[in-house]
Amino acid sequence: MTLDVDKLAFEHCEDEPIHIPESIQSYGYLFAINQENHRIEIISENVIDLFNLQGDIVGTDFFALLDEDQEGVDFILETYQRARNRKTRLPIKIKFKETLIRQLSDRDFFAVIYNSADRLIIELEPAAKFRKAYT
C-alpha cells in the first residue's frame, strides 16, 4: 500500500489538540510553582490521580513532595534559573517520595523545567526504560 500525499487533507491540522500551546499529553503532568516560596499554584487536572494525598495539593511546597536531598533541590533551582535566563526549556529528572505516590504510579519522571508568567513550570512524564539498540 502506498500513501498518496496529494490526496491528504491538511486544511484542519491547526485544529489538532497537540497544537494547543502549553497543553499536556494524558500521561504527563504539569506543575506551576511560585518561584519565591516554591508553593504549587497551578496543576494539570490529572495530578490528583498521581498522588495518594488527602485534600488539595495546590499550596503545597513542591520540594516537600520530592525524594531528594537538598543537593537535588539546588540542582532543580539552578536549572530553572538557567532555563529562565536563556528563555528555554531544560531537562531534569524528578523522583517523588514513595509514600506519596499512588501504588500503581511510577515515581521517577523525566521533566522539562522553564519559566512562564514568572512561575517555575515543571512538565513531567513517567521515566521510560529504553531498549538497547541493536545494529
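In this text, all values refer to a predicted model and were calculated from it rather than measured experimentally.
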### Query
What's the shortest heavy-atom distance between Arg102 and Ile48, and which atoms?
NH2-O, 3.3 Å

### Summary
To the nearest 0.5 Å, atom CD of Gln81 lies from atom CG of Asn115 at 8.5 Å

#### Entry: Side-chain heavy-atom pair Asp61, Asn37 within 4.5 angstrom cut-off
no

### Summary
By side chain to side chain contact (heavy atoms under 4.5 Å, CB included), Asp56 pairs with (sequence neighbours left out) Val58

### Query
Listed by chain and number, what are the side chain to side chain contact (heavy atoms under 4.5 Å, CB included) partners of Thr79, not counting sequence neighbours?
Phe75, Arg82, Leu90, Ile92, Ile113

### Task
Output all residues satisfying side chain to side chain donor-acceptor pair (under 3.5 Å) with Asn85, sequence neighbours left out; order by chain, then residue number.
none

### Query
So how far is it from Asn52 CG to Leu100 CG, rounded to the nearest 0.5 Å?
6.5 Å

### Message
Testing the basics here: between Ala83 and Tyr114, what is the closest heavy-atom pair and its distance to 0.1 Å?
### Response
CB-CA, 4.2 Å

### Message
So, using side chain to side chain contact (heavy atoms under 4.5 Å, CB included) as the criterion, who are the partners of Arg119 when residues are at least two apart?
### Response
Ala32, Glu41, Ile42, Ala117, Ile121

## Note on the structure
Taken in chain and number order and not counting sequence neighbours, the residues that satisfy side chain to side chain donor-acceptor pair (under 3.5 Å) with Gln35 are Tyr80, Arg84

#### Entry: side chain to side chain contact (heavy atoms under 4.5 Å, CB included) against Val47, all qualifying residues, sequence neighbours excluded
Tyr29, Phe31, Ile43, Ser44, Phe51, Ile57

### Message
Once rounded to the nearest 0.5 Å, what's the spacing between atom CD1 of Ile101 and atom CG of Leu53?
### Response
8.0 Å

### Message
A side-chain contact here means heavy atoms from C-beta on lying under 4.5 Å apart; do Ile76 and Ile94 qualify?
### Response
yes

### Query
Is any side-chain heavy atom of Leu77 closer than 4.5 Å to a side-chain heavy atom of Val73?
yes

### Distance, nearest 0.5 Å, that separates CG of Leu66 from NZ of Lys97
8.0 Å

